[in-house]
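What follows is a set of notes on a single structure, which appears directly below.
Atoms within each ligand, like the ligands themselves, are counted from 1 in listed order.
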Amino acid sequence: MKEEATLVIIKPDGLKKSLTGNILSRLSETKLKIIGAKIVKVNEELAAKHYSHLKDQPFYPELIKYITGKLHGENRVMALVYWGKDAIVKVRQICGATNPEEADPVSIRGAYGRILTTGLYENVVHASSDPSEAEREIKLWFEPEEIVYPLFPTKEVIYQNYKKFVWE
Ligand code: UDP
Ligand code: MG
């Protein structure tokens, strides 16, 4: 058994249907620790990077519309990092199979997912499927300071002429 981290995204349908609480309760059955969590507005760039390996799939354009919230009029997702023993497999198990019709009915996707008439699997959650994917995705979605655990090596950089919003 190894301790590892995994990325979970509650997709726009999960937020639209007010399923966040149910999904977090289900995931808490794993006894894994949440070490990062935030609500994210997903833009085209983040969506394309997250799903870059699927860009040649026929469902890719619909998938980008889905994760950016255009199918649900909902521009939010919730991104979480879970950490603990065998986190990747444990989370994938509770999430269920990619196709919600094939997913175990007691899994999150089996309970709450559906297939759209376009063929897209609207399956409520994303979960990393292996350690290298988890590392790539966590680094894409989270800054080191947003995770309360030193997961991966960091380096210090000094930004010059760096513009950002602060509270007035
Ligand atoms: N997807 C789809 N049809 C497919 C395969 C995938 O609509 O035949 C969507 C689905 O929303 C899925 C996402 O694309 O969650 C990413 O696909 P992947 O194969 O990585 O499945 P996952 O890792 O999410 O189970
Ligand atoms: Mg995947």
Side-chain angles (χ1 to χ4, degrees), residues 2 4-20 22-30 32 34-142 147 151-152:
K2 61 197 169 304
E4 61 188 7
T6 189
L7 182 82
V8 172
I9 298 165
I10 303 180
K11 296 180 177 180
D13 48 325
L15 280 99
K16 187 79 180 179
K17 296 175 179 173
S18 301
L19 292 171
T20 310
N22 303 42
I23 293 167
L24 294 180
S25 296
R26 292 301 317 279
L27 288 168
S28 70
E29 291 166 22
T30 60
L32 297 166
I34 297 174
I35 60 169
K38 60 180 176 178
I39 297 292
V40 181
K41 195 162 99 179
V42 183
N43 60 27
E44 298 282 327
E45 189 191 344
L46 177 58
K49 281 183 181 162
H50 180 71
Y51 284 129
S52 59
H53 55 296
L54 297 174
K55 66 175 186 303
D56 298 327
Q57 296 297 320
F59 56 85
Y60 179 78
E62 280 303 301
L63 180 59
I64 295 298
K65 280 191 210 157
Y66 174 25
I67 199 70
T68 55
K70 295 194 179 67
L71 299 184
H72 299 90
E74 174 67 79
N75 64 5
R76 299 170 301 150
V77 304
M78 186 170 192
L80 301 127
V81 180
Y82 280 85
W83 188 81
K85 290 198 175 75
D86 298 320
I88 293 169
V89 166
K90 282 178 184 162
V91 168
R92 288 284 295 192
Q93 195 140 25
I94 285 194
C95 287
T98 305
N99 179 340
E101 233 166 53
E102 286 168 6
D104 186 328
V106 303
S107 68
I108 294 168
R109 287 167 162 180
Y112 303 123
R114 62 177 183 164
I115 303 180
L116 301 184
T117 47
T118 57
L120 186 79
Y121 301 160
E122 187 187 273
N123 54 10
V124 194
V125 282
H126 165 82
S128 311
S129 57
D130 62 62
S132 69
E133 188 176 275
E135 178 172 349
R136 186 187 81 84
E137 293 178 348
I138 291 166
K139 287 176 172 174
L140 175 64
W141 286 78
F142 284 84
I147 300 175
L151 274 183
F152 309 113

Could you walk me through whether Leu7 and Phe142 satisfy the side-chain contact (heavy atoms from CB on, under 4.5 Å) test, starting with their C-alpha distance in whole Å, then the side-chain angles of each, then the deciding distance to 0.1 Å, before giving a yes or no?
CA-CA 10 Å; Leu7 182 82; Phe142 284 84; 3.7 Å; yes

For Gln93, check side chain to side chain contact (heavy atoms under 4.5 Å, CB included) against everything at least two apart and list the hits.
Val89

Can you tell me if [X] uses its side chain to pair, donor with acceptor, with the backbone of [Y] under 3.5 Å?
X: Lys11; Y: His126; answer: no
X: Ser128; Y: Thr6; answer: no
X: Asn123; Y: Thr98; answer: yes
X: Arg109; Y: Gly96; answer: yes

Close N or O approach (Lys11, ligand 1; < 3.5 Å):
yes

Can you find an N/O atom of Thr98 closer than 3.5 Å to an N/O atom of ligand 1?
yes

At under 4.0 Å between heavy atoms, which part of [X] makes contact with ligand 1: side chain, backbone, both or neither?
X: Arg92; result: side chain
X: Phe59; result: side chain
X: Asn123; result: side chain
X: Asn99; result: neither

Could you check Leu116 against Leu71 for side-chain contact (heavy atoms from CB on, under 4.5 Å), going step by step and ending with a plain yes or no?
CA-CA 10 Å; Leu116 301 184; Leu71 299 184; 3.9 Å; yes

Give the atom numbers and elements of ligand 1 that come within less than 4.0 Å of a heavy atom of [X].
X: Tyr51; value: 16 (C)
X: Arg109; value: 15 (O), 22 (P), 24 (O), 25 (O)
X: Leu120; value: 7 (O)

Identify, for [atom], the protein heavy atom at the shortest distance, and state residue, atom and that distance.
atom: atom 16 (C) of ligand 1; result: Leu54 CD1, 3.5 Å
atom: atom 7 (O) of ligand 1; result: Tyr121 N, 2.8 Å
atom: atom 13 (C) of ligand 1; result: Leu63 CD1, 3.8 Å

For atom 1 (N) of ligand 1, is the nearest protein heavy atom under 4.0 Å away?
yes

Between side-chain atoms of residues 23-30 and protein atoms elsewhere (two or more places apart, or another chain), which donor-acceptor pairs fall under 3.5 Å?
from  : atom 1 : to     : atom 2 : distance (Å)
Ser25 : OG     : Gly21  : O      : 3.0
Arg26 : NE     : Glu29  : OE2    : 2.8
Arg26 : NH1    : Val106 : O      : 2.5
Arg26 : NH2    : Val106 : O      : 3.3
Ser28 : OG     : Ser25  : O      : 2.6
Thr30 : OG1    : Leu27  : O      : 2.6
Thr30 : OG1    : Leu32  : N      : 3.2

Any carboxylate oxygen within less than 4.0 angstrom of a Lys/Arg side-chain nitrogen, looking at Glu74 and Lys17?
no

